[in-house]
Amino acid sequence: MRRALESGDEVFVTGLVLQELLQGFNKLKAHDRIVEYFKALPLLIPEREDHIKAADLRNRCRKKGVQVGTIDALLAQLCIRHELQMLTTDQDFTYVSNVVRLTIWS
């Protein structure tokens, strides 16, 4: 993420990603630092149609033998709708990108 920010790329976050990050930290100092850092990033908020398309995406992947969780399907859908590259270290999104037009940032 640092490389993306330093190169001037636009970086977005969702509430789901922020929540998952915060759930991993018990110390108040780390929690507060994450909240502060992520204030600088625009927040993508899913709309009703994103949830519908995420369900369709999940079903398409399942038919091709690719397992994707509900939240991951929604994150992928948000990237697709906003024509964004996904910044991730989760290999599962690479499998998803073989089924739908999800672009992974490398």
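Counting begins at 1 with the first residue of the sequence. What you see below is based on every heavy atom in this structure, not just the backbone, and it leaves out hydrogens, waters and symmetry mates.
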Item to complete: Output the distance between atom CG (Leu16) and atom CD1 (Ile45), rounded to the nearest 0.5 Å.
Response: 11.0 Å

Worksheet item: Looking only at heavy atoms, which two atoms of Leu43 and Gly15 are closest? And how far apart?
Response: CD1-N, 3.4 Å

Fill in: Closest approach of His51 to Pro46 (non-hydrogen atoms, all atoms of both residues)
NE2-CB, 3.7 Å

Worksheet item: For the side-chain contact (heavy atoms from CB on, under 4.5 Å) test, which of Thr103, Leu102, Ile104 pairs with Cys79?
Response: Leu102

Discussion item. Would you say Ile71 ends up clustered with Ile52 if hydrophobic residues are merged whenever their side chains have heavy atoms under 4.5 Å apart, either directly or through other cluster members?
Written reply: no

Give the table of side-chain donor-acceptor pairs shorter than 3.5 Å for residues 87-94, with sequence neighbours excluded, one pair per line with atom names and distance.
| residue | atom | partner | partner atom | Å |
| --- | --- | --- | --- | --- |
| Thr88 | OG1 | Asp90 | N | 2.9 |
| Asp90 | OD1 | Asp92 | N | 2.9 |

Just so I know, are the side chains of [X] and [Y] near enough to count as touching, which here means a heavy-atom distance under 4.5 Å?
X: Leu78; Y: Phe12; result: no
X: Leu75; Y: Asp72; result: yes
X: Val13; Y: Val11; result: no

Fill in: side chain to side chain donor-acceptor pair (under 3.5 Å): pairs with one or both residues in residues 12-21, sequence neighbours excluded
Gln19-Gln23

List in chain and number order the residues that pass salt bridge (charged side-chain N to carboxylate O under 4.0 Å, His left out) with [X], two or more places apart in sequence or in another chain; answer none if no residue qualifies.
X: Glu49; answer: none
X: Asp50; answer: Arg81
X: Lys39; answer: Glu36

Can you list, pair by pair, the side-chain donor-acceptor contacts under 3.5 Å of residues 58-70, counting residues two or more places apart and other chains?
| residue | atom | partner | partner atom | Å |
| --- | --- | --- | --- | --- |
| Arg58 | NE | Val68 | O | 2.7 |
| Asn59 | OD1 | Arg62 | NH1 | 3.4 |
| Asn59 | OD1 | Arg62 | NH2 | 3.1 |
| Asn59 | ND2 | Ala55 | O | 3.3 |
| Arg60 | NH2 | Val99 | O | 3.3 |

Practice prompt. Check side chain to side chain donor-acceptor pair (under 3.5 Å) between Arg33 and all other residues, then give those that pass, not counting sequence neighbours.
Written response: none

Worksheet entry | Intermediate values then yes/no, side chain to side chain contact (heavy atoms under 4.5 Å, CB included), Leu18 and Leu41 | CA-CA 11 Å; Leu18 179 58; Leu41 301 178; over 6 Å; no

